[in-house]
Amino acid sequence: MSTLLQTNIPSLPLIARGKVRDVYAVGDDKLLMIATDRISAFDCVLGSPIPDKGRVLTQLSLFWFDFLKDVVPNHLISANVSDYPADLHQYSDQLESRSMLVKRAEMVQIECVARGYISGSGWKEYKADGTVCGIQLPSGLKESDRLPEPIFTPAFKAQSGHDENISFEKAAQIAGQDVVTRLRDLTLGIYSKAAGYALTRGIILADTKFEFGFIGDTLTLGDEVLTPDSSRFWPAADYKSGGAQPSFDKQFVRDYLETLSWNKQPPAPSLPADVIEKTSDKYREAYEKITGSKL
């Protein structure tokens, strides 16, 4: 099975090469976003591509953009290569099923995280002082417990390394009170609608993060949406609070890496074939369970 670890579109300026996506400028007002098969763990990009990962991330984002189109505008122009500028058609082998042509937005430098369950960095923070991003939570919660109601926990977007969890007040200092209030309301509204749908598909949407930007005066949903890389998806049938949950994401890779003596600094070790195959299967399973369609 072919994979794509890095793109090469020499006719366009490369704007960013992230942990997963390569982003090119298309004129002054559009971007070409390509999801590769790269995978990262512990803030290191691994050298082993995961087959179909880029396709899953893009196709899931397209599904959710359409599902949420009545809730919030998004940046998508087209994911059909035939709609792209003609000089890009020659790169269809790098673009088909894994790319999106989007409107360029002025991005807000806040990650908008919604949590319906207590897990990950939120669980670590709660154990330390009983709060998450300054929000006081009930005492006695166990790991993976469902929260009384979903909460908005913003994070400051780090240029490298971990994003920093911040309070609503700190986010308001960065982006403005009015903007952060709108981001909070949009984030919780999107989360509630998506979580309700996911549950009908047998999946718990434990938490997720969104990125928004302005196109003109319109606050617009950008980046990827509700993928295994930006969300915790748990199989509802296996849910049991009081510990970590099985999930449809790269936890399988993290668990493998924890068995090694690697110091979590570059260069990252390669993954064995069985770990690559099982991780690829997890991503495809997430897509098929959520959409009800084969990839």
By the definition side-chain hydrogen bond (donor to acceptor under 3.5 Å, both in side chains), identify the one residue from D229, T36, T279 that meets it with K53. D229

In Å and rounded to the nearest 0.5 Å, what is the OG to NZ distance from S78 to K30? 12.0 Å

Would you sort out whether K264 and E258 count as a salt bridge (charged side-chain N to carboxylate O under 4.0 Å, His left out), showing the intermediate values? CA-CA 9 Å; K264 300 183 177 59; E258 289 284 17; 3.3 Å; yes

Assess, by modelled atom type and distance only, whether the side chains of N80 and S82 contain a donor and an acceptor separated by less than 3.5 Å. no

Given D37 and R55, is the salt bridge (charged side-chain N to carboxylate O under 4.0 Å, His left out) satisfied, shown in steps? CA-CA 8 Å; D37 296 316; R55 294 175 64 212; over 6 Å; no

If we ignore hydrogens and angles and just use 3.5 Å, is the side chain of S230 paired with the main-chain N or O of T227 as donor and acceptor? yes

Quick check against the 3.5 Å criterion: does R21 have a side-chain atom that pairs as donor or acceptor with the backbone of A35? no

Between W234 and F248, is the gap from one ring center to the other below 6.0 Å? no

Cut-off 3.5 Å, side chains only: do S241 and D145 have a donor facing an acceptor? yes

Any carboxylate oxygen within less than 4.0 angstrom of a Lys/Arg side-chain nitrogen, looking at D43 and K19? yes

Taking only residues two or more places apart in sequence, or in another chain, which ones meet D281 in a salt bridge (charged side-chain N to carboxylate O under 4.0 Å, His left out)? R284

What's the spacing between K103 NZ and N74 CG if we round to 0.5 Å? 7.5 Å

Considering all heavy atoms, the nearest C44-Q265 contact: SG-C, 4.1 Å

Looking only at side-chain N and O atoms, does T7 offer a donor or acceptor that is under 3.5 Å from a partner on D22? yes

Keeping Y191 on the side-chain end and L205 on the backbone end, is there a donor-acceptor pair under 3.5 Å? yes

Does any non-hydrogen side-chain atom of I34 lie less than 4.5 Å from one of I9? yes

For the residue pair F233 and Y283, is the inter-centroid distance of their aromatic rings smaller than 6.0 Å? no

Spell out, as yes or no, whether a donor-acceptor pair under 3.5 Å connects the side chain of E211 to the backbone of V108. no

Taking the six-membered ring for Trp, is the centroid-to-centroid distance between Y197 and W64 below 6.0 Å? yes

Test side-chain contact (heavy atoms from CB on, under 4.5 Å) on T220 and F214 and set out the steps. CA-CA 6 Å; T220 303; F214 282 95; over 6 Å; no

Smallest separation among heavy atoms of W262 and A41, with atom names: CH2-O, 4.1 Å

Sub-3.5 Å donor-acceptor pair from the side chain of R38 to the main-chain atoms of G18, do we have one? yes

R254, CZ: over 12 other non-hydrogen atoms inside 6.0 angstrom: yes

Would you name the heavy atoms of V180 and A171 that are closest together and state the gap between them? CG2-O, 3.4 Å

If we only count heavy atoms from C-beta on, is the D238 to Q245 side-chain gap below 4.5 Å? no

With a sphere of 6.0 Å drawn around NZ of K193, does it hold more than 12 non-hydrogen atoms of other residues, nucleotides or ligands? yes

If only atom types and distance count, is the side chain of Q59 paired as donor or acceptor with the main-chain N or O of S97 below 3.5 Å? yes

Go through the side-chain N and O atoms of R98 and T58 and say whether any donor and acceptor fall under 3.5 Å apart. no

Pair K124 + E143, salt bridge at N-O below 4.0 Å: no

Closest heavy-atom contact between I276 and P51? CG2-CD, 3.5 Å

Please check if the side chain of S144 supplies one atom and the backbone of G243 the other of a donor-acceptor pair under 3.5 Å. yes

T259 side-chain N/O to Y256 backbone N/O, donor-acceptor pair under 3.5 Å: yes

Is there a donor-acceptor contact under 3.5 Å linking the side chains of S280 and E277? no

Could you pull out the closest heavy-atom pair between V81 and S92, with the gap in Å? CG1-CB, 4.2 Å

Rounded to the nearest 0.5 Å, how far apart are CD1 of I50 and CG of L271? 5.5 Å

Check for a donor-acceptor pair, side chain of K250 on one end and backbone N or O of S40 on the other, with a separation under 3.5 Å. yes

Quick check: closest heavy atoms across P269 and L46, and the distance to 0.1 Å? O-CD2, 4.4 Å

What's the spacing between E111 CD and L183 CG if we round to 0.5 Å? 11.5 Å

Residue pairs passing the ring-ring contact (aromatic ring centres under 6.0 Å, His included) test with at least one member in residues 71-116, sequence neighbours excluded, are F65-H75

Run the side-chain hydrogen bond (donor to acceptor under 3.5 Å, both in side chains) check on T153 and R115 step by step: do they pass? CA-CA 7 Å; T153 60; R115 301 176 190 271; 2.9 Å; yes

